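Remarks on the structure that follows.
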Amino acid sequence: QVQLVESGGGSVQAGGSLRLSCEASRGADANRCMGWFRQAPGKTREGVAILYNYGGTAYADSVKGRFTVSQDNAKRTLYLEMTSMKPEDTAMYFCAAEFRDYGSGWCHMGTSFTYWGQGTQVTVSS
């Protein structure tokens, strides 16, 4: 079992920045995919950013150029740096992780993630 704990959410004005963190109880195995997802009230959950253990990343079009996903050297913490934030970024943000025994082609926004954190709320006011 893998535990994921998010932190760093809060309230910010439009144009501001926040950094989310996701601490994982399991380190970076050879084939790990981690991602950030968000869900706003009344909307379906959507992918925000994906990071494959060997460094590949992908972003939703709505956050490209504003958000950056990264991990620390120990590869136990996933980050989401959010800048130029907009009111439409308001949502509960979740961290997710998936581990598999084979190569990287399976890591993308549509991957079925096994492990999820409890979420951290982000609110952007205009």
Side-chain angles (χ1 to χ4, degrees):
Q1 191 71 11
V2 177
Q3 282 75 49
L4 303 174
V5 179
E6 302 99 333
S7 62
S11 297
V12 64
Q13 289 191 327
S17 301
L18 280 175
R19 188 176 79 158
L20 305 183
S21 299
C22 171
E23 186 170 353
S25 62
R26 177 176 172 181
D29 294 52
N31 294 296
R32 184 188 73 177
C33 179
M34 293 191 74
W36 289 100
F37 294 78
R38 66 187 181 187
Q39 187 167 17
K43 295 187 177 181
T44 58
R45 187 173 61 198
E46 62 174 352
V48 176
I50 294 292
L51 185 144
Y52 181 63
N53 187 44
Y54 290 124
T57 59
Y59 296 91
D61 288 342
S62 60
V63 306
K64 281 181 182 176
R66 300 189 299 121
F67 290 11
T68 303
V69 63
S70 62
Q71 61 187 354
D72 67 0
N73 288 336
K75 298 182 179 179
R76 284 192 177 270
T77 304
L78 184 74
Y79 301 102
L80 184 68
E81 190 77 38
M82 304 184 290
T83 64
S84 301
M85 297 185 72
K86 304 175 181 180
E88 51 263 46
D89 294 323
T90 295
M92 184 72 78
Y93 283 71
F94 298 90
C95 173
E98 176 71 9
F99 300 82
R100 296 188 186 176
D101 295 330
Y102 50 90
S104 64
W106 54 269
C107 181
H108 50 76
M109 295 288 187
T111 295
S112 179
F113 287 85
T114 300
Y115 303 102
W116 291 85
Q118 293 299 306
T120 185
Q121 178 67 39
V122 171
T123 302
V124 185
S125 57
S126 57

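Owing to the predicted nature of the structure, the values given are computational and were not obtained by experimental measurement. The figures that follow rest on heavy atoms only: side chains count, while hydrogens, waters and symmetry mates do not.
- Note on L18: it does not cluster hydrophobically with M92, by side-chain heavy-atom contacts below 4.5 Å among ILVMFWY residues.
- In this structure, L4 is a member of the same hydrophobic cluster as F99, with clusters built from ILVMFWY side-chain heavy atoms closer than 4.5 Å.
- A 4.5 Å side-chain heavy-atom check between F113 and C33 finds at least one atom pair inside the cut-off.
- V2 and M34 fall within a single hydrophobic cluster, where Ile, Leu, Val, Met, Phe, Trp and Tyr are joined by side-chain heavy atoms under 4.5 Å apart, directly or via other members.
- Rounded to the nearest 0.5 angstrom, Q1 CD and S25 OG are separated by 8.0 Å.
- You'll find the side chain of M85 reaches within 4.5 Å of the side chain of V122, heavy atoms only.
- The two atoms that bring P87 and A14 nearest to each other are CD-CB, 4.1 Å, heavy atoms only.
- Counting heavy atoms from C-beta on, the side chains of I50 and V69 never come closer than 4.5 Å.
- At least one donor-acceptor pair closer than 3.5 Å links the side chain of E6 to the backbone N or O of G119.
- In this structure, CD on Q71 lies 13.0 Å from OG on S21, to the nearest 0.5 angstrom.
- Heavy atoms of other residues, nucleotides or ligands lying less than 6.0 angstrom from CD of Q118 number 12 at most.
- Using a 4.5 Å cut-off on side-chain heavy atoms (C-beta onward), Q3 and Y115 make no contact.
- In this structure, the separation between CZ on F94 and CZ on R45 is 7.0 Å, given to the nearest 0.5 Å.
- When atom types are taken as modelled, the side chain of Y59 and the backbone of G65 share no donor-acceptor pair closer than 3.5 angstrom.
- Although no hydrogens or angles enter the test, the distance criterion places a donor-acceptor pair under 3.5 Å between the side chain of R66 and the main chain of S84.
- Judged purely by atom type and a 3.5 angstrom limit, T111 uses its side chain to pair as donor or acceptor with the backbone of W106.
- With respect to the salt-bridge test (charged N to carboxylate O, under 4.0 angstrom), the residues D89 and K86 do not qualify.
- Each of L20, T120, T68 was checked for a side chain to side chain contact (heavy atoms under 4.5 Å, CB included) with L80, and the lone residue meeting it is L20.
- Formation of a donor-acceptor pair under 3.5 Å by the W36 side chain with backbone atoms of Y79 is found in this model.
- Without hydrogens or angle criteria, T83 side chain to S17 main chain gives no donor-acceptor distance under 3.5 Å.
- Between Y93 and F67, the angle of the ring planes lies from 30° to 60°, which puts this pair in the tilted group.
- Across E46 and R38, no two heavy atoms sit closer than the pair OE2-NE, 2.6 Å.
- For E98 (side chain) and T114 (main-chain N/O), a donor-acceptor pair under 3.5 Å exists by modelled atom type.
- With contacts defined as side-chain heavy-atom distances shorter than 4.5 Å, the pair S62/E88 does not qualify.
- Between G47 and F37, the closest heavy-atom pair is CA-CD2, 3.3 Å.
- Between E23 and R76, no side-chain nitrogen of the basic residue sits less than 4.0 Å from a carboxylate oxygen of the acidic one, so the salt-bridge criterion is not met.
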